[in-house]
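Written below as structure tokens is the structure these notes are about.
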Amino acid sequence: MKKHISYILVFFQLFFMGFWNGTYHAPMAYSSFGWEVINFDAQDVNADGNENTGEPNNGNSISVWQEIIQSATGSQIDPAKQPIYLTGGISDRYPWIQFDWVDDMLEVFDTTDINLSPTYSEKSFGIVIETGTDIHSLQTIYEQWDHEKWYGFQISNWHLYGWVWNTIDWSPSDQRKIIDYGAITTNTDYFITFIHDTTQVHGYLDGNHITTLTGADIQTIHGICQLDTAFGCSVYSTGWTIGVWATQNNTLNLETGFTLNTFQWNYFEGTIGEINQWNNALDTIQVANLHGYYLSKWRDNTAPVFHSFTPQNDTISPIWDISLTVSYSDEVWGSGVDTNTGNIILQKWNSVASDWWSDISGTSVTSSNITTNTGSFDISWLDYGRYRATVSISDIAENTWTQEIEFYIDEVEFMVSTGSLNIGSLESGIADFSDEIQVTVRTIGAPFQVDLVKNTDLLSWTQEISSWNGWSGYGYESTPYNGIITSFDTWATIGTQTKNLNTNGQKNTYNYQLQIGALVEAQQAAGDYSGNIDFNIQFNY
């Protein structure tokens, strides 16, 4: 008698797990370090407290730039010499004030704390500028003078300078201290920090310490203002005023000491974002905080922030088309993601050489879509194995974020050794078993469960052999064999496996052995019985 057990069902159950959500990292908020006496900010030209709101229109001339700490105000002495207001400065971020090198300038009205009082012995400056196309000609960025203390910032012969002349606190042999900030380039933004305490002068450029000056050895650079009795070193000959971005003088070439024989305005060509001034010396921590504030506010030098990848790292997916998605954001003060960027490199692991194959994105990435917050890449034609995707996203300021993800593509193999079994010649009261059934599962590492599922009883005309009830019926046994029949009245699990990732991208092989057995009563011994069983296999991805 042949008993036919032939029907096989393979069932896949797919699960994709959740993803991690990242957090935003806000930049340092600006805070005063005490004794601040000037904060000119191009974001708030009219000093009404509403940055970027109610300001001049883009390209309009400005006649007044109000200082928002004290009562001083910057204004034109000549309406024709007006800089213009730009809504987009470096990286098209925030408003700047542009000076044209031809005639644009501003004067800052004095106050006691800013320029006229001899009671303060320390001073700190922070200035944000962007150079123009000319950095060779003599150009004054800022100066202030009160006959006892004089401060200035200058471009000359491709270098940037800052200086102080202190006739009240320092000895006659050590009254002038000049910092050469070094060579600069055209159309480039710079964060200038200049600090003096009672004895020393410290210079920082873009947060980097340039030098600390002490003693008379710095007198080797000559040509500082000669205190002309008629015109002095300031914008006017009539008082102790503060010149912003232009100054009238005849001896102001710091690098060469060359005396100019005619009066020149030495106009600045470039843009200004902010000027800060304190009547105390900032310490190194405050300098670092100030630089962080300038970076966050005026220059986008941080890449977009990664939040999540789908699929996650080490995810196993079945062998069909997948969509790789990534979420990100540019930080609160960022310039924004450039949606014209978005690059992916896709590689497969070479298990023989233990290395990555060359990029296959050209043939496997069928489409991509980049938005300001998400990027998606549709991927096709992947066979099983280990893969690495490297995704790069840039912002408008050309800061690039790069993230890698490794994932696995699985091609499951499920094999049963035979589809037709002979339980044998059934005899009353004697258990008989079929030939061994070999069940093989191959996977890169997905967890799974293999079940033997009863479909029908064994039937032969009116005779029926039901599931094993403990003394008769049919069932199965698995290795190690001991001749004992086990029931699968509904189903029985013959194999389970937890996630076991093969990092070489190859398949793990799992083998399970079983045989079908029956023990019948006398009236069931005769007949040609047949029936079906199912093998269900569930994979969790």
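The model shown is predicted, which means the values in this text are computed figures rather than measured ones.
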Could I get the full list of side chain to side chain contact (heavy atoms under 4.5 Å, CB included) partners for [X], not counting sequence neighbours?
X      : result
Gln506 : Ser351, Tyr384, Asn502, Asn504
Asn511 : Gln438, Thr440, Thr509, Gln513
Glu404 : Arg388, Thr390
Ser466 : Asp457, Glu464

For [range], which residue pairs qualify under salt bridge (Lys or Arg N to Asp or Glu O under 4.0 Å), counting only residues two or more places apart or in two chains?
range            : result
residues 469-497 : Lys454-Asp489
residues 347-357 : Lys348-Asp383
residues 512-523 : none

Response to the item:
Across all chains, not counting sequence neighbours, the salt bridge (charged side-chain N to carboxylate O under 4.0 Å, His left out) partners of Glu413 are Arg442, Lys507
Worksheet item: Under the salt bridge (charged side-chain N to carboxylate O under 4.0 Å, His left out) test, which residues partner Asp206, sequence neighbours left out?
Response: Arg299
Discussion item. If only side-chain N and O atoms count, and only distance matters, is there a donor-acceptor pair under 3.5 Å linking Ser323 with Asp378?
Written reply: yes
Worksheet entry | Ser327 and Thr374 side chains, donor-acceptor separation under 3.5 Å | no
Worksheet item: What pairs meet the ring-ring contact (aromatic ring centres under 6.0 Å, His included) rule with one or both residues in residues 353-380, with sequence neighbours excluded?
Response: Trp349-Trp356
Discussion item. According to ring-ring contact (aromatic ring centres under 6.0 Å, His included), does anything in residues 423-450 pair up with another residue at least two apart or in another chain? List the pairs.
Written reply: Phe448-Tyr510, Phe448-Phe539
Fill in: Worked verdict on Phe125 versus Phe153 for ring-ring contact (aromatic ring centres under 6.0 Å, His included)
CA-CA 10 Å; Phe125 291 87; Phe153 300 90; 5.4 Å; yes
Fill in: Stepwise side chain to side chain contact (heavy atoms under 4.5 Å, CB included) check, Tyr408 with Leu501
CA-CA 9 Å; Tyr408 295 79; Leu501 191 59; 3.4 Å; yes
If we ignore hydrogens and angles and just use 3.5 Å, is the side chain of [X] paired with the main-chain N or O of [Y] as donor and acceptor?
X      : Y      : value
Thr400 : Ile393 : no
Ser364 : Ile379 : no
Thr366 : Ser380 : no
Tyr190 : Thr185 : yes
Thr188 : Thr186 : yes
Ser478 : Leu514 : no

Item to complete: Using the six-membered ring wherever Trp is involved, compare the ring planes of Trp401 and Tyr328 and label them parallel, tilted or perpendicular (cut-offs 30° and 60°).
Response: tilted
Practice prompt. List the steps, then state whether salt bridge (charged side-chain N to carboxylate O under 4.0 Å, His left out) holds for Asp41 with Lys297.
Written response: CA-CA 11 Å; Asp41 188 341; Lys297 183 174 182 179; 2.4 Å; yes
Worksheet item: Are His291 and Thr193 close enough, and set up right, to give a side-chain hydrogen bond (donor to acceptor under 3.5 Å, both in side chains), and what steps lead you there?
Response: CA-CA 9 Å; His291 183 244; Thr193 307; over 6 Å; no
Worksheet item: Can you list the residues that meet the ring pair (Phe, Tyr, Trp, His ring centres under 6.0 Å) rule with Phe407, with sequence neighbours excluded?
Response: Tyr387
Response to the item:
In terms of heavy-atom contacts, Asp432 and Ser425 come closest through OD2-N, 3.4 Å
Worksheet item: Shortest non-hydrogen contact from Tyr476 to Thr493?
Response: OH-O, 4.2 Å
